[in-house]
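What follows is a single structure, written as structure tokens, with notes after it.
Keep in mind that the numbers below use all heavy atoms, side chains included, and drop hydrogens, waters and symmetry copies.
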Amino acid sequence: MANVNPISSQLRMSLTSVESGKNVTRYVTLSKLSTTVTPETLDLLADSVATLLAHPVEMVRKVDTGQLVK
């Protein structure tokens, strides 16, 4: 039976703005998050950081990295 050992977790936010008539997407990544962080905590973190950014947050994604161990 295989298991996945968690290595790291990130929160990635995509920001969209219109510049010179074109849609521009930028990304903000928060790294080194605990792999056991709850969805509620991530939501609060994303909302708090979004208030500091100049462009609106379009999407928030949690990215986990793990190692497959047999």
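Among residues two or more places apart in sequence or in another chain, the side-chain hydrogen bond (donor to acceptor under 3.5 Å, both in side chains) test is passed with Thr41 by Thr38.
Under a hydrophobic clustering in which Ile, Leu, Val, Met, Phe, Trp and Tyr are joined whenever their side-chain heavy atoms come within less than 4.5 Å, directly or via other members, Val60 and Leu44 fall into different clusters. One hydrophobic cluster, built from ILVMFWY side chains closer than 4.5 Å, cannot hold both Leu42 and Val63; they sit in different ones.
Within the 4.5 Å cutoff, the side chain of Leu11 has heavy atoms near those of the Leu33 side chain. In this structure the side chain of Met13 reaches within 4.5 angstrom of the side chain of Val49, judged on heavy atoms. Counting heavy atoms from C-beta outward, Leu15 and Thr25 have side chains that stay 4.5 Å or more apart. Put simply, the side chain of Ser8 does not reach to within 4.5 Å of the side chain of Lys32, judged on heavy atoms. Inter-residue side-chain proximity for Val37 and Lys62 is flagged as met; some heavy-atom pair is nearer than 4.5 Å.
The two atoms that bring Leu68 and Val4 nearest to each other are CD1-CG2, 4.1 Å, heavy atoms only. Pairing each heavy atom of Ile7 with each of Thr35, the nearest pair is C-CG2, 4.2 Å. Closest approach of Ser9 to Asp64, counting heavy atoms only: OG-OD1, 2.8 Å.
For the atom pair Gln10 CD and Thr29 OG1, the distance stands at 6.0 Å (nearest 0.5 Å). Annotation: the span from Ser14 atom OG to Met59 atom CE amounts to 4.0 Å, rounded to 0.5 Å.
Side-chain N or O atoms of Ser34 include one that pairs as donor or acceptor with a backbone N or O of Thr36 at under 3.5 Å.
At a threshold of 4.0 Å, the pair Arg26-Glu19 counts as salt-bridged, since one of the basic side-chain nitrogens sits closer than that to a carboxylate oxygen.
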